[in-house]
Amino acid sequence: MTDPKSQGSDKTKSVNSRSVNSRSMPDAFIILFFVVLVAAIATHIIPAGKFATEINQETGKKVLVSDSYQVVEDFQGVPLFADGGNAGFLNFAFEGMVSGDKWGSAIGVMMFIILTGGAFGIVMKTGSINNGVIALISKTQKLEVLFIPILFTLFSLGGAIFGMGEEAIAFCIVLLPLMLAIGYDSITTVMVTYVATQIGFAASWMNPFSVAIAQGIADIPLMSGMEFRVIMWFVLTAIGVVFTMRYAANIKAKPELSANYLVDKTYKSETPSTASTFDKTDTAILASFFLAIIWVIWGVVAKGYYIPEIASQFFTMGVVIGLIAVVFKRLSVNEVADAFKQGAKDLLPAAMIVGMAKGIVIILGGDQADEASVLNTVLYGAANVIGELPTTLSALLMFVFQSVFNFFIASGSGQAALTMPLMAPLGDLVGVSRQVAVLAFQLGDGLTNLIIPTSASLIGCLGVARIDWLVWAKFISKFMLLIMTSAALFIVVAVFINFS
């Protein structure tokens, strides 16, 4: 039995440590506020511009016409506060949160995070995940070493084949108890799920939301250059696996090395006792859970389901599992409702950050090529700079530009539609093949999703794993240096072999 005094001591230490961290590290909301402030000031300094647009016949997407940039003379910087539904600096939070539609950021992703959080709140409240994890560990203790490479590879394949991203949020919820029970930490959980999907997303040979759209816009055959990209996927995924395994081994040997140690310790203290047994109720609940996961995967692969359908599938899962818990007297009806509310509440900050981050783009004028926006001017200016450089340096600068631009347009298809109509013909002028231009795009777009706070999927995964963005940014920076350097080397090799 745990000594109540020691529990109180641990809680006091946790509170004290959090108060120290809160003084030394500003909250993600504070950082976001000042980023928006800088964006608002930039609208008074950098002129807004726009491009003519046309419909690309290959992809059906609206793309900009190169050499059609023009400055919008009557554009005025954003005011401090705007009325009539317009966007001022102090309007960014609301305007960001209600922007978009149910198919994407911000409102669609926000509701996906909240609804999924509520559904998984019910699942976790039943205790079946915990009971299943304990039963699994007791029967597979000698196979623990295979968990990380197998999971990382599978999630990377998911990112490469069908652009898996938001789906990783749900898997973070499921795998977190397993990773903690094995002796790893919440950071390991995000590495084997979300980070793996984004490596696959970035190195993909067929991702329908990224490389396929970019190749269509660049007028090169879809899935061309597959052999080179498969090799690149294998190498980058192997780097991710080795890095994660080494980190996880260090954490298992010495848990206090984890940057999220105190939070993970609190989470483990809140989970049900390991003395609980696995019974027929757990079997029914977990069977329903895995059937729901299969249903979701089938929907994404076979039917093209996206945010609205996936969120509704997870909600359905929560309802079914809630009913099973009530029928088998695991939970009361009110406890199911409370679990749903608590699960949604836990992810509310992550959802709010997604919406507020969208406010950055709105303040700058939006992400539409044919509307006045500071982003269009930045895009045009970068294209001009890249066009003056040697071939290899131009390709690398394309990669750098796509990486930076992804902070503002954290959407593969959206970024492709905005940047590729300029970057593809620009590559022709400086001797960079269009295949290399696409490669620079997909790597810059995908890999920076591992750290940018404007990535809805990243913020969602960090939210469910209870990892502060600043803690994550400090941890992932070393890996970013490694993976971005590796990606840059692939771009240099592609230039030298005339990858086309």
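If you're wondering where the values come from, they're calculated on a predicted model, not measured in any experiment.
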Is a side-chain N or O of [X] found less than 3.5 angstrom from the main chain of [Y], in a donor-acceptor match?
| X | Y | answer |
| --- | --- | --- |
| Ser156 | Thr153 | no |
| Ser455 | Ile452 | no |
| Gln442 | Val211 | no |
| Thr53 | Asp370 | no |
| Glu309 | Gly299 | no |
| Thr188 | Tyr184 | no |
| Ser68 | Val65 | yes |
| Thr43 | Ala40 | yes |
| Trp472 | Leu450 | yes |
| Thr193 | Phe171 | no |

Check: Is it the case that more than 12 heavy atoms not belonging to Phe29 sit under 6.0 Å from its CZ atom?
Finding: yes
Note to self: Is it the case that over 12 heavy atoms from other parts of the model lie below 6.0 angstrom from the CZ atom of Phe228?
What the structure shows: yes
Measuring from atom [atom1] of [X] to atom [atom2] of [Y], what distance do you get when rounded to the nearest 0.5 angstrom?
| X | Y | atom1 | atom2 | answer |
| --- | --- | --- | --- | --- |
| Ile220 | Ser500 | CD1 | OG | 9.0 Å |
| Leu180 | Thr189 | CG | OG1 | 5.5 Å |
| Trp469 | Ile476 | CH2 | CD1 | 12.0 Å |
| Trp205 | Arg229 | CH2 | CZ | 11.5 Å |
| Ile161 | Trp233 | CD1 | CH2 | 8.0 Å |
| Ile497 | Ser433 | CD1 | OG | 9.0 Å |

Any idea which heavy atoms bring [X] and [Y] closest together, and the distance?
| X | Y | value |
| --- | --- | --- |
| Gly49 | Asn376 | O-ND2, 3.0 Å |
| Met420 | Ala214 | CG-CB, 3.9 Å |
| Trp103 | Ile307 | O-CD1, 3.7 Å |
| Ser457 | Gly165 | OG-C, 3.6 Å |
| Ile107 | Met97 | CD1-O, 3.5 Å |
| Ala160 | Met206 | O-CG, 3.6 Å |

Between [Y] and [X], do the side chains contain a donor N or O and an acceptor N or O under 3.5 Å apart?
| X | Y | result |
| --- | --- | --- |
| Ser224 | Gln435 | yes |
| Thr419 | Gln402 | yes |
| Asn449 | Asn406 | yes |
| Arg434 | Gln215 | no |
| Thr377 | Tyr69 | yes |

When the side chains of residues 348-360 are checked against the rest of the protein, which donor-acceptor pairs come out under 3.5 Å, sequence neighbours left out?
none

Notebook entry, point to check: Using the benzene-type ring in the case of Trp, are the ring centres of Phe33 and Phe89 under 6.0 Å apart?
Noted result: yes
Note to self: Asp101: which residues meet the salt bridge (Lys or Arg N to Asp or Glu O under 4.0 Å) condition with it, sequence neighbours left out?
What the structure shows: none
Anything under 3.5 Å between a donor and an acceptor, one on a side chain of residues 240-251, the other on a protein residue two or more places apart or in another chain? List them.
unit_1	atom_1	unit_2	atom_2	d
Thr244	OG1	Gly240	O	2.7
Tyr247	OH	Asp185	OD2	2.5
Asn250	ND2	Arg246	O	3.3

